[in-house]
> 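My questions all concern the structure below.
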2 protein chains.
Amino acid sequence: MATIAQVAVKAGVSTATVSRALNKPEMVDAKTKAKVQEAVQSLGYRPNQVAQGLASRSSRTIGVVVNQFGSAYYGTMIDGAERALRKIGYKLIAESSGEAAEGERSAWQSLFDRQCEAVIVHSDALAEEELTGFMEKHPMSVLMNRHLPDYEDRCVYLDNIRGGALAAAHLVAKGHRKIATITGPFSYHEARDRLKGFEQQLAEAGIPLDPDLTAEGNFKDDMAFERMMALLNGPKEFTALFCQSDEMAAGAIEACRQKGLRIPDDISIIGFDDVDLARHLSPKLTTVRQPLREIGAAAGLLAHAVARKSPDIEGICRSFEAEVIERASVLDLNTGS
Amino acid sequence: MATIAQVAVKAGVSTATVSRALNKPEMVDAKTKAKVQEAVQSLGYRPNQVAQGLASRSSRTIGVVVNQFGSAYYGTMIDGAERALRKIGYKLIAESSGEAAEGERSAWQSLFDRQCEAVIVHSDALAEEELTGFMEKHPMSVLMNRHLPDYEDRCVYLDNIRGGALAAAHLVAKGHRKIATITGPFSYHEARDRLKGFEQQLAEAGIPLDPDLTAEGNFKDDMAFERMMALLNGPKEFTALFCQSDEMAAGAIEACRQKGLRIPDDISIIGFDDVDLARHLSPKLTTVRQPLREIGAAAGLLAHAVARKSPDIEGICRSFEAEVIERASVLDLNTGS
DNA sequence: ATGAAAGCGCTAACAA
DNA sequence: TTGTTAGCGCTTTCAT
């Protein structure tokens, strides 16, 4: 690996000049610039970005911590963030927390130890209190898909209350009145918010949320299968189900299948997320879409802006709206189709 | 941010001693160590890992370039690599190529510019020739899920020939003789290898590969849907289909559904990959499993070993075997179940 | 427009 | 066991 010093020797100039020729071309004479270019070429010189970072105190690197990379949910957000950052010459260091609080804590710290200018955190395990403490302690952090009122301007999030309301509104508009729901774990604010919006919207239609038709899941398919079985075996009838994740909808569909129930003829189902899975289920799943890629990209840009103390933080969209994607899993009771 | 110099002053020792106390505790007196610990605590000192890297010429960072992070295929491998590396104190810098050859080239280079000790590449767009050139030029690189005979010991891969053979064997064992297949793009070695193994295995059973029943897809569902429609509308009959990815199987299933064909009663389908999608399809998809997480982990470990010029490169499993996961999409013609 | 020199935060000989 | 002195590869004053 050639160093700047070797380039300087070869070009017959000082290292400072090489540095300038490369980074501030307007500050150097055309002739010198040519000599430098030439030397750079022949040596195949490439600046050591770590050394550049140390000297200039800017690593042009953003960190991100998520539970895991293997799921479409996290993968899509990371993809959005990475692409957005790459466009502005930034790199992403990704670390997974292993779905544990301790993992989140250490990943967060460790990314700063690597001189990330800012870190994007998708916290799942940290209690709100501790999370607030971290946001306070590490001002160069932004929360992805999470809303912490105290740190409003460092959060990129989906309006989950509205997302839940959208699901209810869709089902009600299709004529459903007896509606069951399988939520995420209540320790997740997303789950609570979606349920809250769902309940409020039902209330507006004069439908009380029925506790007997409300089950707490964990966003995964297996548990949703169990919950749905229990719901189906219970005494209460219902014509529609809202699942707070597409994966849970998949589990619920499986339960229906085993009970010989047809979707949407016997029971309608609406999911949440709109990951690829949704359109591969049968029937194709009507769901509430989260713009995950956009959320990831916004988190990347916000992290960059925060790191640079850029004034246009305000210009970055931080609150996203869900949207229902209508497919084939909800029956219209009004028309019967 | 406290620096090592401040710690040194506070502890009344030299920076060298602080460095030793932290990195080679056995080399320093217990009393001094205590003083240092104390200073570290009170200042909240954390070593700047970038500076450490520059000084010690080891960044403890591995890079990885993939097409994108959003799909389960890449996500799962990255997850495997990241976890394996985290365990040994290494970090992963991830960069996506944007599914273009130029993206792969620049990502590869740029990760080395960031002083990654080694980089893991999942190449999709680079021609074999150029890929070979890069492996030659960058000895600290390993290929993930790709086999380049010239660089045997820097590749972690699935035996795709055997994978294809497994699919054929399964179908033949179930009594199928008229078998169609939708492959990946032939520009991908995976696609060619799987087809080769598939053809060889069929040949062993005395079944020639029928060109009219062989269609080239692109691993995606949409194109598989088109191909399957064409196959179904064609003059040749067949009882089974092998798709080289689960996503394509999903597309093919959709085509069957639109034609009113039942799976597996009218037509059997076997996929490849065994991503989450497979068990969510209906019927649940019988498929050839790739151990993606293990492959990713092995790639991470191999990259580390290569970077460290470790002798136990040989000890890392580099060749993985596929395995068929039997679910419900293949009918046994022998028993009719 | 260019060079000399200092320094980013740390490690690693070499002495003592 | 500890301190001194050089760097690692670069950027950035400050002179010239």
Side-chain angles (χ1 to χ4, degrees), chain A residues 1-40 43-61 89 91 109-110 112-117, chain B residues 1-40 43-61 89 91 109-117 307:
Chain A
M1 284 290 93
T3 71
I4 201 174
Q6 308 183 39
V7 174
V9 170
K10 181 131 192 167
V13 298
S14 71
T15 62
T17 299
V18 175
S19 175
R20 285 188 205 105
L22 264 23
N23 306 317
K24 324 210 160 131
E26 72 284 0
M27 290 186 65
V28 32
D29 187 89
K31 304 224 138 190
T32 349
K33 213 154 37 188
K35 283 191 299 182
V36 171
Q37 302 287 18
E38 152 88 45
V40 165
L43 291 173
Y45 169 72
R46 309 214 103 222
N48 176 332
Q49 300 208 27
V50 165
Q52 282 186 317
L54 185 60
S56 65
R57 301 155 253 295
S58 84
S59 64
R60 298 188 78 78
T61 301
K91 286 228 175 319
Q109 254 303 351
S110 127
F112 279 117
D113 293 347
R114 292 272 168 153
Q115 303 310 108
C116 287
E117 295 181 13
Chain B
M1 283 289 91
T3 71
I4 200 174
Q6 307 182 36
V7 175
V9 169
K10 181 132 192 166
V13 299
S14 72
T15 62
T17 299
V18 175
S19 175
R20 285 189 207 101
L22 264 24
N23 306 315
K24 323 202 160 141
E26 71 284 1
M27 293 186 64
V28 31
D29 186 88
K31 305 223 137 191
T32 354
K33 214 153 39 185
K35 283 191 298 180
V36 172
Q37 301 288 17
E38 151 91 45
V40 165
L43 290 173
Y45 169 73
R46 306 215 106 223
N48 176 332
Q49 301 208 27
V50 166
Q52 281 186 317
L54 185 60
S56 65
R57 318 152 241 292
S58 86
S59 63
R60 298 186 80 78
T61 301
K91 285 229 175 319
Q109 254 304 351
S110 123
L111 286 166
F112 279 117
D113 293 347
R114 292 272 167 153
Q115 303 311 106
C116 287
E117 294 180 14

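The sequence lines fix the lettering, A, B, ..., with proteins before strands; numbering per chain opens at 1. Heavy atoms only: backbone and side chains are in, while hydrogens, waters and symmetry mates are out.
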> Could you list the residues that satisfy side chain to side chain donor-acceptor pair (under 3.5 Å) with B:Gln115, not counting sequence neighbours?
none
> Among residues at least two apart in sequence or on other chains, which ones pass side chain to side chain donor-acceptor pair (under 3.5 Å) with A:Ser110?
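Side chain to side chain donor-acceptor pair (under 3.5 Å) check on A:Ser110 returns A:Glu95, B:Lys91.
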> Enumerate all atom pairs, one protein N or O and one N or O from nucleotides 6-8 of chain D, separated by less than 3.5 Å.
from  : atom 1 : to      : atom 2 : distance (Å)
D:dC8 : O4'    : B:Arg57 : NH1    : 3.2
D:dC8 : O2     : B:Ala55 : N      : 3.2

> If we only count heavy atoms from C-beta on, is the B:Arg114 to B:Thr61 side-chain gap below 4.5 Å?
no
> Look up atom CG in B:Leu43 and atom CD in B:Glu38, then write down how far apart they are to the nearest 0.5 Å.
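Here the rounded value is 9.5 Å.
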> State, yes or no, whether a side-chain contact exists between A:Gln109 and B:Arg46 at a heavy-atom distance under 4.5 Å.
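Yes - at least one pair of side-chain heavy atoms lies under 4.5 Å apart.
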> Using a 4.0 Å cut-off on heavy atoms, which residues in residues 16-35 of chain B reach DNA chain C? List them by number, or say none.
B:Ala16, B:Ser19, B:Arg20, B:Asn23, B:Lys24
> At their closest point, which heavy atom of B:Lys10 faces which heavy atom of B:Ala39, and how far apart are they?
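So the two residues come closest at CG-CB, 3.8 Å.
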> Looking across every strand, which nucleic acid part, if any, lies under 4.0 Å from A:Val50 by heavy atom: base, sugar-phosphate, or nothing?
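Result for A:Val50 = nothing.
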> The test is side-chain contact (heavy atoms from CB on, under 4.5 Å); show your working for B:Val40 and B:Leu22 and say whether it passes.
CA-CA 10 Å; B:Val40 165; B:Leu22 264 24; 4.3 Å; yes
> Is there side-chain contact between A:Asn48 and B:Leu54, with at least one heavy-atom pair below 4.5 Å?
yes
> Which atoms form the tightest heavy-atom contact between B:Ala5 and B:Thr15, and what is the distance?
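Of all heavy-atom pairs spanning B:Ala5 and B:Thr15, the closest is CA-CG2, 3.8 Å.
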> Could you give the start and end, 5' to 3', of the contact zone on DNA chain C for chain B, using atoms under 4.0 Å from its heavy atoms?
C:dG9 to C:dA13
> So, using side chain to side chain contact (heavy atoms under 4.5 Å, CB included) as the criterion, who are the partners of A:Thr32 when residues are at least two apart?
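Only A:Val13, A:Thr17, A:Val28, A:Asp29, A:Lys35 meet the side chain to side chain contact (heavy atoms under 4.5 Å, CB included) criterion with A:Thr32.
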